[in-house]
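Just so it is clear, the structure is predicted and the values come from calculations on it, not from any experiment.
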Amino acid sequence: MDVPDEEPDDVLADEPEETPDPGEILTRLASLLGPSSAIGVGDVWVRGQNATGPGSTAIGTLNITTARTDGSGRTWAETLTGTWVRQLADGYAPTPSDPQLDRCLKQRHLVCLSGAAGTGRHAAACLSSARRHGFDRVAVLHAEQPSDLLLPEAPWRDGHGYVWRLTETAVRDLDGMALVGLAARAEARGATLVLVGDFDHRDQELAGHLVEHRPAAPVDVFRAQLRRQLRGRCVGWCAPGCVGDCVDGYVEDECVGNPLLAAHLAAGPRPGEVVRLAELLARTAPRGAELTERLERLLPRQLRERAARVLAAADGGDTPAWGVDRRRAFRLACAVLAGQPVAEIHAAAGALAAPGLAGVGPGPASDPGGVAGPPGAGAVPGFPFAGAPLAPPPTGRSGGALDALLGPVLREAVLVVDDDRVPGGRRIEFAPGNDPLRRSLLEVAWSDWWLPEQLLGWLGSLVRDGTPGVRQAAAGAVGWSAAHGVHAALRVVDQLARERRAGVRQAAAIALVGMAMQPELRQRVRIELDRWAAGGAAHLRDTVARAYALGLARLWPETALGQLRRVAEARMQRRNNSVVRGLVEVYVGGHAASVLPALAQWAVDEDEPEVRLHAGRALRVLADRWAPAPRERWPELLDLARGGTVRMADLATCWATALSLPGTAYRAWRTLGFWLSRAEGHPEVSDLCLRLIGLVVQGREPLRRRLDHQLRHVWGPLMRDNTLLHDVRRLIDEDPA
């Protein structure tokens, strides 16, 4: 049950505040979630709740970083960048159905492209639209119902090629009149629309508009992708000056000719799997036996078999101290807590091997060990973090006991690093290139060895009771698990987000970021964040702000501004910097032009003092940023105002608020004085500083008096030789009228 936003002032975090770097968090999550989870760049026009990228295509995934919302709630359109579309074309393997699709798009304004999901049909539609309209005029469209695209405010742009990927429900709702209306609307705007979906058994209804997608052969997708990845590189033993002439020979003779790879490609893997394989091989371009060994580690079937052998734990003999269940738990804990100390992994394995969980074999167990799911607070029954007593953790420098726990297969894939900074002096990391095995261990554990509720309960207990490093790693695994059970994972995150401790809420935010990095989960995560930000408990709203501060703002910047505005209204945020960190993350993601106008609106909202406070705090933090060389004398905000990225009036409004509020005035006046100190002797910077100060004090007599006080008693004594202060004095002496 939600609690009011107005938390008592004595409800404080009982541990130091954590501020992990968003870039590090995203990197760690990407290593767990796989190559398709990276956050990239796009230009998005959003109307409603469903802002996501075009999803997995034949060469990967495009994710959103820019959005505009208008609150209408039912449709959105995303214009793909020309650079991304060209990259898509560069690694694209043409399909047999492409010529037919191109002909239909030239003759009609609406075409239905029918094919199974995951066969590259979306990429084919995007590139056909690019050939028809140009690389910079391809857009992805979505609506809850076909009729939504016929409304006057539907997001159509003239002369664009639109692609709409229909769900099964949308395919069923699509009728003849909807097709006529959509075709007429596209024709009126000089646009085209490709409807992508599985239109099986609707040949008669869609006659004349239907094109059957015939995917490219996996071997052709592999060739195109690997050539793209290796272009310009030397992958042989060539003479100096080689610029990639050896790539074709490597692709055909070494890779396509490898029996193991040829068998894999002949089995018909999905394009996304082929793309990821090409990306992994291109990193080192192995040859001969090394290539075969690498394929044995990377191909899905072999990788799953390898992970199953690791978790079978049949390689440790009958050592009483390390039974099968305990070895299995330790190996899964290594996958979840990669990079953490051996002692922490050992303790986590103890929790998983606690009584009630031992003996769970392949396949779903009938007895969940008394675990019905994550409770509201505290440890999960059956999952005390200390766990059942194991043999003493292998903390010595000799590796015998640890090797027995890991087993030969996993020991080959991990690095045991000596590190005197961590408890026990050693930590375990997966060696470069072995992240796919880490993910496979999680997948096999989820499907074959433990019930999902058991694993989620265990991960939840690690988040609640673990060290900060364990917390973050376990939260990432909760985010990963959402792809296999989104409702169960969101229930766990909901409970963690309600925790009183700031570190636990921070981990819940990391789990949300991990979920949102998976394209198929974005809509569900965004709906949840909307609900929490609009009327959730104070701790839930704080978790929303933390998620944006940890990297989610790079995905939905404009949505972040709207939700952070609602979170900032909570009294609890007066003691937290979550909102400000989220705002800064939007700003550093290249969206200063959106952040400053929003802050200016916050700053003048007299009815929401908490919101005004956050505007002042954010301005103070952003004012400490300086432009890079050779403009290092420029405050970054002032440099953006000089270039027209932000309006000087918005900047002055934010400064006036920061200089006026008791919670931000002291640091803001000091920062403004430092601006004047750095500007002295640089006329262009000085002129803009004076112009800004003039706008700040214009019509604000209290600020004029406080500026006079600063000159007389603070800046003057500290900067006696700064001639710029005389110009500031003239601003004060001018007639206020």
Engineer: What are the two closest non-hydrogen atoms of Ile732 and Arg704, and how far apart are they?
Structural biologist: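 So the two residues come closest at O-NH1, 3.5 Å.
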Engineer: Can you measure from CZ (Arg185) to OH (Tyr162) and round to the nearest 0.5 angstrom?
Structural biologist: 10.0 Å
Engineer: Give the minimum heavy-atom separation between Gly616 and Thr664, together with the two atoms involved.
Structural biologist: C-CG2, 3.7 Å
Engineer: Distance alone, cut at 3.5 Å: any donor-acceptor contact between the side chains of Arg498 and His539?
Structural biologist: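 Absent: no donor and acceptor within the cut-off.
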Engineer: Please check: side-chain N/O of Thr645 versus main-chain N/O of Ala641, any donor-acceptor pairing under 3.5 Å?
Structural biologist: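 Not confirmed, Thr645 side chain does not pair with Ala641 backbone.
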Engineer: Using the rule salt bridge (charged side-chain N to carboxylate O under 4.0 Å, His left out), only one of Arg575, Arg505, Arg500 pairs with Asp542; which is it?
Structural biologist: Arg505
Engineer: Measure the shortest side-chain to side-chain distance between Arg612 and Pro609 over non-hydrogen atoms and say whether it is less than 4.5 angstrom.
Structural biologist: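 Side chain of Arg612 against side chain of Pro609, heavy atoms only: no contact under 4.5 Å found.
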Engineer: When you look at NE2 of His487, are more than 12 heavy atoms from neighbouring residues, nucleotides or ligands closer to it than 6.0 Å?
Structural biologist: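 Open: at most 12 neighbouring heavy atoms sit under 6.0 Å from NE2 of His487.
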Engineer: Spell out, as yes or no, whether a donor-acceptor pair under 3.5 Å connects the side chain of Trp669 to the backbone of Leu659.
Structural biologist: yes
Engineer: Between Gln573 and His614, is there a donor-acceptor pair closer than 3.5 Å when you use the side chain of the first and the backbone of the second?
Structural biologist: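 No.
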Engineer: Could you tell me whether the side chains of Thr671 and Arg620 share a donor-acceptor contact shorter than 3.5 Å?
Structural biologist: no
Engineer: So which heavy atom on Leu731 is nearest to which on Leu690, and how close?
Structural biologist: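 Distance-wise, the nearest heavy atoms are CD1-O, 3.6 Å.
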Engineer: Just checking Arg729: does its CZ atom have more than 12 heavy atoms from other residues, nucleotides or ligands closer to it than 6.0 angstrom?
Structural biologist: yes
Engineer: Got a donor-acceptor contact below 3.5 angstrom from the Arg464 side chain to the Leu459 backbone?
Structural biologist: no
Engineer: Does any non-hydrogen side-chain atom of Glu569 lie less than 4.5 Å from one of Glu608?
Structural biologist: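 Of all side-chain heavy-atom pairs linking Glu569 with Glu608, at least one is under 4.5 Å.
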Engineer: Which heavy atom of Tyr587 sits nearest a heavy atom of Arg625, and at what distance?
Structural biologist: CE2-NE, 3.5 Å
Engineer: Using a 3.5 Å distance criterion without hydrogens, assess whether the side chain of Arg565 forms a donor-acceptor pair with backbone atoms of Ala560.
Structural biologist: no
Engineer: Classify the side-chain pair Ser686/Glu680 by whether it contains a donor and acceptor separated by less than 3.5 Å.
Structural biologist: no
Engineer: Which residues pass the salt bridge (Lys or Arg N to Asp or Glu O under 4.0 Å) test with Asp639, sequence neighbours left out?
Structural biologist: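 In terms of salt bridge (Lys or Arg N to Asp or Glu O under 4.0 Å), with neighbours along the sequence ignored, Asp639 is linked to Arg631, Arg642.
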Engineer: Does the pair Glu528/Arg524 count as a salt bridge with the N-to-O cut at 4.0 Å?
Structural biologist: yes
Engineer: Give the minimum heavy-atom separation between Val544 and Trp532, together with the two atoms involved.
Structural biologist: CG2-CB, 3.6 Å
Engineer: Any salt bridge linking Arg691 with Asp687? Criterion: basic side-chain nitrogen under 4.0 Å from a carboxylate oxygen.
Structural biologist: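 No, this pair does not count.
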Engineer: Indicate yes or no: at least one non-hydrogen side-chain atom of Pro468 is less than 4.5 angstrom from one of Gln506.
Structural biologist: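 Contact flag for Pro468/Gln506 side chains = no.
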Engineer: May I ask you to check if Arg678 and Trp626 form a cation-pi contact, with NZ or CZ under 6.0 angstrom from the six-membered ring centre and within 45° of the axis?
Structural biologist: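 Ring-cation test returns yes.
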Engineer: Can a donor-acceptor pair be found, under 3.5 Å and without considering hydrogens, that links the side chain of Arg617 to the backbone of Gly663?
Structural biologist: no
Engineer: If only atom types and distance count, is the side chain of Trp675 paired as donor or acceptor with the main-chain N or O of Ala623 below 3.5 Å?
Structural biologist: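 Confirmed, Trp675 side chain pairs with Ala623 backbone.
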Engineer: Side chains of Trp602 and Thr653: closer than 4.5 Å at any heavy-atom pair?
Structural biologist: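 Trp602 vs Thr653: side chains apart.
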Engineer: For Asp158, is there any backbone N or O sitting under 3.5 Å from a side-chain donor or acceptor partner on Arg137?
Structural biologist: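 Flag set: sc Arg137 to bb Asp158 pair under 3.5 Å.
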Engineer: Under 6.0 Å from the six-membered ring centre of Trp556 and within 45° of its axis: does the NZ or CZ of Arg526 meet both?
Structural biologist: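 Judged by the rule, Arg526 and Trp556 form a cation-pi pair.
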Engineer: Indicate whether the side chain of Tyr548 and that of Glu585 have a donor and an acceptor atom separated by less than 3.5 Å.
Structural biologist: no
Engineer: Could you measure the distance from the CG atom of Asn577 to the CZ atom of Arg546? Nearest 0.5 Å is fine.
Structural biologist: 9.5 Å
Engineer: Which heavy atom of Ala533 sits nearest to which heavy atom of Val567, and what is that distance?
Structural biologist: CB-CG2, 4.3 Å
Engineer: Drop me the distance from His682's NE2 to Cys689's SG, to the nearest 0.5 angstrom.
Structural biologist: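 Taking NE2 in His682 and SG in Cys689, the distance rounds to 11.0 Å.
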